[in-house]
Amino acid sequence: MKEKTLLVKDVMSRGAFFVHPETSITQCVLGLAQHKLSGAPVADNYGQLIGFVSEQDMLPSLVQSAYYCDEPRRVGDVMQSEVLTVNPNDHVLQVAKLMVEAKPKIYPVIEDNRLIGIITRRQVTKALIHSQEKCVPV
């Protein structure tokens with residue numbers, strides 16, 4: 001008997017690392033390193049997704065802070081406000097196609113307008129390998 005189709009909810013990280021817009025860039029970078037991520041969703045106090053911030057977004061501010069010994073800026077100052085998201089019931093193959101076309105490495109997973117987790121390129125590639133090995137339809 002074949003297993004069920006792989007959905008985002010089957011491979012995503014629930015309760016994943018996210019930051020608030022008031023989080024300092026330094027704190028965000030340290031959190032990303034701790035969680036082995038290259039970016040994170042930015043959410044308000046109600047769990048509503050308001051942006052996404054990547055190491056690339058923060059790098060110019062970090063350079064300036066290091067050079068001038070300034071206080072680091074906040075995540076809200078450098079985050080991207082237009083964010084590509086996925087739904088927990090989307091097929092992993094759809095997300096893989098998005099990753100090929102749009103290039104983000106991490107997608108926030110949204111349900112009922114709330115951030116419930118993330119799905120990374122690594123999780124998608126592992127799911128596709130699992131599908132190939134076990135003949136699980138995606």
Side-chain angles (χ1 to χ4, degrees):
M1 180 176 166
K2 287 189 176 184
E3 295 181 39
K4 63 182 171 63
T5 300
L6 286 172
L7 303 177
V8 168
K9 65 184 173 186
D10 300 324
V11 298
M12 65 181 259
S13 298
R14 290 189 179 273
F17 176 72
F18 71 94
V19 294
H20 295 289
E22 300 82 25
T23 303
S24 77
I25 287 176
T26 301
Q27 290 174 315
C28 183
V29 169
L30 293 173
L32 290 175
Q34 180 181 1
H35 291 89
K36 297 180 177 146
L37 294 169
S38 61
V42 182
D44 64 18
N45 293 331
Y46 303 102
Q48 300 287 322
L49 181 71
I50 58 172
F52 192 89
V53 66
S54 69
E55 292 170 328
Q56 181 69 34
D57 297 327
M58 295 182 283
L59 192 56
S61 182
L62 287 171
V63 169
Q64 182 174 338
S65 294
Y67 186 80
Y68 292 108
C69 297
D70 290 341
E71 285 292 315
R73 295 170 68 187
R74 300 172 318 117
V75 166
D77 297 330
V78 299
M79 71 180 192
Q80 301 294 319
S81 57
E82 290 187 27
V83 183
L84 295 174
T85 64
V86 296
N87 182 285
N89 293 313
D90 288 344
H91 292 267
V92 170
L93 195 57
Q94 290 173 303
V95 178
K97 185 177 179 191
L98 277 174
M99 288 179 168
V100 168
E101 294 171 353
K103 305 291 187 226
K105 299 173 188 171
I106 302 169
Y107 283 84
V109 181
I110 304 297
E111 186 173 56
D112 297 327
N113 294 320
R114 292 193 60 239
L115 176 66
I116 62 166
I118 60 171
I119 188 165
T120 66
R121 185 168 54 192
R122 181 168 291 132
Q123 290 166 319
V124 169
T125 56
K126 282 183 175 182
L128 293 173
I129 289 169
H130 173 76
S131 172
Q132 180 184 23
E133 290 173 345
K134 305 291 184 184
C135 195
V136 177
V138 291

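Every heavy atom of this structure was used, including side-chain atoms; hydrogens, water molecules and symmetry mates were not.
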Passes side-chain contact (heavy atoms from CB on, under 4.5 Å), Asn89 versus Lys9? Steps please.
CA-CA 6 Å; Asn89 293 313; Lys9 65 184 173 186; 3.0 Å; yes

Derivation and outcome, side-chain contact (heavy atoms from CB on, under 4.5 Å), residues Ser38 and Ile106:
CA-CA 8 Å; Ser38 61; Ile106 302 169; 4.0 Å; yes

Begin with the C-alpha distance, continue with both residues' side-chain angles, and end with the deciding distance and a verdict on side-chain contact (heavy atoms from CB on, under 4.5 Å) for Lys126 and Val11.
CA-CA 9 Å; Lys126 282 183 175 182; Val11 298; over 6 Å; no

Pair Leu93-Leu128, side-chain contact (heavy atoms from CB on, under 4.5 Å): steps then yes or no
CA-CA 8 Å; Leu93 195 57; Leu128 293 173; 4.3 Å; yes

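Here CE of Met79 is found 12.0 Å from CD1 of Ile25. Values are rounded to the nearest 0.5 Å. Rounded to the nearest 0.5 angstrom, Gln34 CD and Lys36 NZ are separated by 10.0 Å. With values rounded to the nearest 0.5 angstrom, Asp90 atom CG is found 13.0 Å from Lys97 atom NZ. To the nearest 0.5 angstrom, Thr26 atom OG1 is 9.5 Å from Met58 atom CE.
Here the closest non-hydrogen pair linking Met12 and Gly117 is CE-CA, 3.9 Å. Across all their heavy atoms, Ala43 and Pro21 have their closest contact at O-CD, 3.6 Å. Across every non-hydrogen atom of Val53 and Cys28, the tightest pair is CG1-SG, 3.8 Å. Here the shortest heavy-atom pairing between Leu115 and Pro108 reads CD1-CB, 3.8 Å. Shown here for Ile119 and Gln123, the closest heavy-atom pair between the two residues is CA-OE1, 3.2 Å. Of all heavy-atom pairs spanning Tyr46 and Asp44, the tightest one is N-OD1, 2.8 Å.
Contact annotation: the side chain of Lys105 never approaches that of Thr120 to less than 4.5 Å [non-hydrogen atoms, C-beta and beyond]. Counting heavy atoms from C-beta on, the side chains of Pro41 and Ile118 come closer than 4.5 Å. You'll find the side chain of Ile110 reaches within 4.5 Å of the side chain of Leu49, heavy atoms only. Two residues are said to be in side-chain contact when any heavy atoms from C-beta on lie closer than 4.5 Å; Val92 and Leu7 fail this criterion.
Residue Leu37 is grouped with residue Leu62 when hydrophobic side chains (ILVMFWY) are merged at heavy-atom distances under 4.5 angstrom, including chains of intermediate members. In this structure, Phe52 is not a member of the same hydrophobic cluster as Ile116, with clusters built from ILVMFWY side-chain heavy atoms closer than 4.5 Å. In the hydrophobic cluster analysis, where Ile, Leu, Val, Met, Phe, Trp and Tyr join through side-chain heavy atoms closer than 4.5 angstrom, Phe17 is grouped together with Val78. Hydrophobic clustering, with ILVMFWY side chains joined whenever heavy atoms are under 4.5 angstrom apart, keeps Val86 apart from Phe18. Note on Ile50: it clusters hydrophobically with Leu32, by side-chain heavy-atom contacts below 4.5 Å among ILVMFWY residues.
In this structure, Gln56 places its CD atom where only 12 or fewer heavy-atom neighbours from other residues, nucleotides or ligands lie under 6.0 Å away.
The backbone N or O of Arg114 lies less than 3.5 Å from no partner atom in the side chain of Asp112, so there is not a single donor-acceptor pair. A side-chain donor-acceptor contact under 3.5 Å links Thr23 to the backbone of His20.
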